[in-house]
Visitor: 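Handing you a structure now.
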There are 2 protein chains.
Amino acid sequence: MARKTKENAEITRQRIITAAREVFAKRGVSRTTMEHIASHAEVTRGAIYWHFKNKIELFHAMRDQAILPLIDHIDAVALDEKSEDPLSTIEQFFTNTILTLMQDPATNQTYEIMMTKCEYVDEFAAVLQQIVTNCDYFTEKIRLLYEHAKQKDQLNAALDPAALAMDSHLFFSGLLHMWVKDTGRLGFREQALGLIKQHIALRRAC
Amino acid sequence: MARKTKENAEITRQRIITAAREVFAKRGVSRTTMEHIASHAEVTRGAIYWHFKNKIELFHAMRDQAILPLIDHIDAVALDEKSEDPLSTIEQFFTNTILTLMQDPATNQTYEIMMTKCEYVDEFAAVLQQIVTNCDYFTEKIRLLYEHAKQKDQLNAALDPAALAMDSHLFFSGLLHMWVKDTGRLGFREQALGLIKQHIALRRAC
DNA sequence: TATTATATACAAACATGATTGTATGTAAAA
DNA sequence: TTTTACATACAATCATGTTTGTATATAATA
């Protein structure tokens, strides 16, 4: 086949990533072969091996497209340190993340793959450690916001910001897992935003 | 090879399940071949195919050994409906589950496999639905306990038992996930019991 | 109680298909 | 003219399910 321009090559690359995501979601990462991805993207394996070294590099490319914006998002939230209402800032962050999953099927699908269609062994074991590291980073940001809330007396006095941040992180982690897993019935997804609201309300000074 | 007695056959069966668990944990369910399991169990594939139809049946046998006792546990807890202190009952349940994971490496390993080393597609997709169903069952039991706590005025008055139960379930789900994922550093596991304590404390009437 | 028949608990071999990485070819872009 | 962006062909391994073989436990029978 004829050579493509740089722009066309980039389009091909993106088509491959999209195809990989869709096939991963359907068959799981391990059971997905390069040929599956290739035919779904309407290219040959040669094209994939040109753009990516192997399956895990392709996986990382897919993951980055979903994760990096989220990291940016939490960084932006953390910048909002001077917020008048830190508890609402936390609530907003949770809510926005859920809204992203609702509105962006690609991101949602990538989360689904990472949580229920990937085995974290061998080359993928490192990914799990990155996830844990991200969790720590995330929890620390939340902790800072709880600190500010406490200084502003918006927090129930007896509560410890570090422990609260952990509790919130675990809540949110659980929420994302249920969000992803509960695809059949629509019940859970509808309550998600309400659960976030109540979770934060529980912390406000009473 | 010679035929074994029923007792010996049962021992072989259990050896296979144990071997499967250990190999699943090391290589992930998809990448594990019957031959891997066979050699680890010091039998041939013939023995495995005699006892189990295929890999997923073996997976289910392994899963049942970890899950069924837990179901029994929560059923026992739910029987404790007349408890004087329902919030402590919930706390006890969470704590006991974590203690089980600490003390029983086999159970812990099975959880690890189910949460990070299994792809829920094809034959395994149904397992995910079972997990969700179990979650619902679990959440309902917790909800009942919160109801009782509310009737006894042990609960912060403004709180809704159903939403609280969901929040607790998400917290606990997140806790188990972090417990399993955070194998490297020992930091998280040490705080787990403290986090449970605080989570429940947050709900007590103030 | 001794004998026989049958089901059991595996081991070993077989047939088949799938998947990976690489190596090579090629036409157009730069 | 030299890369680039792929397609195609190749080699080698690996995994699965099934089939066949067999020694023995166990139950039935005489």
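Lettering of chains follows the sequences in order, A, B, ..., and the numbering in each one begins at 1. Here the structure is a predicted model, which means the values were calculated and not measured. Note that these values count all heavy atoms, side chains included, but never hydrogens, waters or copies made by symmetry.
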Visitor: Send over the distance from B/Arg27 CZ to D/dA15 C1', rounded to a whole Å.
Guide: 12 Å
Visitor: If you look at every strand shown and take non-hydrogen atoms under 4.0 Å, does B/Thr33 touch a base, only sugar-phosphate, or nothing?
Guide: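 Counting heavy atoms under 4.0 Å across all strands, the contact made by B/Thr33 is with sugar-phosphate only.
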Visitor: What is the separation between atom CG on A/Leu58 and atom C1' on C/dT19, rounded to the nearest whole Å?
Guide: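 From A/Leu58 CG to C/dT19 C1': 16 Å.
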Visitor: Round to a whole Å and report the spacing from CD1 of B/Ile37 to P of D/dA15.
Guide: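 Atom-to-atom, B/Ile37 to D/dA15, this comes out as 12 Å.
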Visitor: Between P on D/dA15 and CZ on A/Arg31, what's the gap in Å once rounded to a whole number?
Guide: 14 Å
Visitor: So which one's nearest nucleotide on DNA chain D is more toward 5', A/Glu42 or B/Glu35?
Guide: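 The 5'-side residue here is A/Glu42.
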Visitor: Closest approach to the side chain of A/Ala9, judged atom by atom: which nucleotide of C/dA30, D/dT16, D/dC6 is it?
Guide: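 Of the candidates, D/dC6 comes closest.
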Visitor: Salt bridge between B/Glu10 and B/Lys6, side-chain N to carboxylate O under 4.0 Å?
Guide: no
Visitor: Please tell me if B/Lys4 has a side-chain N or O lying less than 4.0 Å from either OP1 or OP2 of C/dC10.
Guide: yes
Visitor: Rounded to the nearest angstrom, tell me the gap between atom CZ in A/Arg15 and atom C1' in D/dA7.
Guide: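 From A/Arg15 CZ to D/dA7 C1': 15 Å.
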Visitor: Using whole Å, what does the distance between atom P of nucleotide D/dC6 and atom CD1 of A/Ile11 come to?
Guide: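 Going from A/Ile11 (CD1) to D/dC6 (P), I get 10 Å.
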Visitor: Strictly below 4.0 Å: does B/Thr5 bring a side-chain N or O up to OP1 or OP2 of D/dT26?
Guide: no
Visitor: From CZ of A/Phe52 over to C1' of C/dG21, roughly how many Å is that when rounded to an integer?
Guide: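 Checked: the CZ to C1' distance equals 17 Å.
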Visitor: Are the charged groups of A/Arg15 and A/Glu42 less than 4.0 angstrom apart, N to O?
Guide: yes
Visitor: Please tell me if B/His51 has a side-chain N or O lying less than 4.0 Å from either OP1 or OP2 of C/dC10.
Guide: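 For C/dC10, OP1 or OP2 has a side-chain N or O of B/His51 closer than 4.0 Å.
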Visitor: Could you state the atom-to-atom distance from CZ of B/Arg45 to P of C/dC14 in whole Å?
Guide: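 It works out to 13 Å between those atoms.
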Visitor: Is the distance from OP1 or OP2 of C/dA9 to the nearest side-chain N or O of B/Trp50 less than 4.0 Å?
Guide: yes
Visitor: Salt bridge between B/Lys141 and B/Asp136, side-chain N to carboxylate O under 4.0 Å?
Guide: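 Salt bridge absent between B/Lys141 and B/Asp136.
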Visitor: Between B/Phe93 and B/Phe138, does the ring centroid distance fall short of 6.0 Å?
Guide: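 Between B/Phe138 and B/Phe93, which both carry aromatic rings, the centre distance is below 6.0 Å.
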Visitor: Measuring from the side chain of A/Lys6 (C-beta onward, heavy atoms only), which nucleotide among D/dA5, D/dA7, C/dA12 has the closest atom?
Guide: D/dA5
Visitor: Taking A/Lys150 for its side chain and A/Leu155 for its backbone only, find out whether a donor-acceptor pair lies under 3.5 Å.
Guide: no
Visitor: Just N and O in the side chain of A/Tyr49: are any of them under 4.0 Å from OP1 or OP2 of C/dT22?
Guide: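 No.
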